[in-house]
Amino acid sequence: MPATRIVLPARARKGEVVEIKTIITHPMETGYRRDHVGLAIARDIITRFTCTYAGEEVFRMDLFTGVAANPFVGFTTLATETGEVVFEWTDQHGTVTREQRRLVVV
Amino acid sequence: MARRGRRAALGAAGASLMLLAALPAAGQTATEPGIAAGDRKSGRDFLAPETRAQQDDLSINPGMLWVEQGEKLWREAAGAGAKACASCHGDPSALKGVAARYPAYDARLQRLLNLEGRIQNCRLEHQRAAPLPYESQALLALTALVAHQSRGLPLNVATKGPARPFLAAGRAMFFTQQGQLSISCAQCHDDNWGKRLRAERISQGQPNGFPTYRLEWQTTGSLHRRLRACFQGVRAEPFAAGSPELVALELYLAARARGLPIETPAVRR
Amino acid sequence: MQPGDSNPSRRKVLAGAIGIVVLPLTGHQAHATPENMAEAMGEALGAGAAPKSGRVKLVLPELAENGNSVPLRISVESPMTAADHVDTIYVFSERNPVSNVVRFHLGPRSGRAQVMTSIRLAGTQHITVVARMSDGSLWSSAANVVVTQAACIDDT
């Protein structure tokens, strides 16, 4: 299971713009590299990242081979209500890594 | 790696290498070999501002993924003792300052241990669990976690008493010309630090950021992985990661870096 | 004792050694061309789409230390309201094997049109960023990045 790191505040004022940063361990193997014996290393990448907040998708990212290994993304969302913020990374095989944080809005 | 590419590279590198050869070596006149305490610089000082920012801002530092993973492992029971690191040590922050003292001589084991070796010993002796291979993700994660607790603290290893022969062995290795190209660590990192080779700058070869996230590796690696790369760079057969030879060299590097702050997880080119 | 200091030719030797470890990042990679990028842009934005220049700000280092990971920050001038916001941000490369680098989907709930990530660059090139607004208009900006060759390739 890949390791993830999520940085977002635990609470925010209603209407505040909240900054979110996430990072996940993943080689983002391009498919253009060769191993020590000269064999091509198969492409293996995360293709989609989504952030859902209180049940609604607020951010999505489509990744290609040009995204650096251990993909990092920083984005913002408007604090609207207290709720779960769900992060999902989907790789090219359809495997999903899911993380969840609670954002309290006062 | 394509042979064609490597040859072309050698040719292309030639011109700028001559430039390097024409430059006077720094620190040559000093009677005491090495780098004066006031001139000691972390590898961070040789980075572009963007890479420095990536290291400093922990919310974007990719090495923090290993620290975070280490925190998970810290709380997981392992081995016949069914104990976690946390069972004996409490919070990871209890080990604040420890990394600054390593490598350290253990009188009971009669061995010089680096941080990895100490963690391994806890696994074997206190957890009665299978050893973690050197450079495994789990050992890197635990080492990064422990070293990160000392981020900002100055390196301060013991070099007297029982540590002395290890220091001498490490120091001798640092100044010994190695490999088919017969170059010592000192020739690059004492005598030519700060020199530009195209866009590449040779640093002082300081050990204060490990485990380090290296952009070239696209992952986190140990000091010994880095050292092995330097041995290979001069076409020397590298010692094994975790070998007594490399732990002794690590002690010399840590003594030579005395006072530099721990940066784990550092980000390097 | 410094064995090295007694050797008059050591700096020449040193130069030779570094030569061994230098290898261009570009020597073993597939490359696309600016034409490939134009094609990818046509596919993504609609044939004949002509983004206007402006409203998009991208921050990339002028000189990247390593093409494996180059920090990219993008912001777009937009009120980010339900009526007027950024819908999609596209990033295109003229030299990477795949012209589409990354895409971001935003909306009024983003609050601000501001994203960051780290991208790979197979060599010195222009990076083009296009923003599609909620009214369908396209805005773009480009930046040049000099990518220094990966310096010390090792097999560890």
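- Proximity to chain B (any heavy atom under 4.5 Å) is shown, for A:Thr22, by neither the backbone nor the side chain.
- With no hydrogens or angles considered, no side-chain donor-acceptor pair links B:Ser42 and B:Gln206 at under 3.5 Å.
- In this structure, B:Arg225 forms a cation-pi arrangement with B:Trp217, its terminal cationic atom sitting closer than 6.0 Å to the ring centre and no more than 45° off the ring axis.
- Contact annotation for B:Glu68: only side-chain heavy atoms (C-beta onward) come within less than 4.5 Å of a heavy atom of chain A.
- When all heavy atoms are compared, the tightest approach of B:Ser222 to B:Leu140 is N-CD2, 3.6 Å.
- More than 12 non-hydrogen atoms from other residues, nucleotides or ligands lie less than 6.0 angstrom from CZ of A:Arg102.
- Neither the backbone nor the side chain of B:Leu215 comes within contact range of chain A, judged by heavy atoms closer than 4.5 Å.
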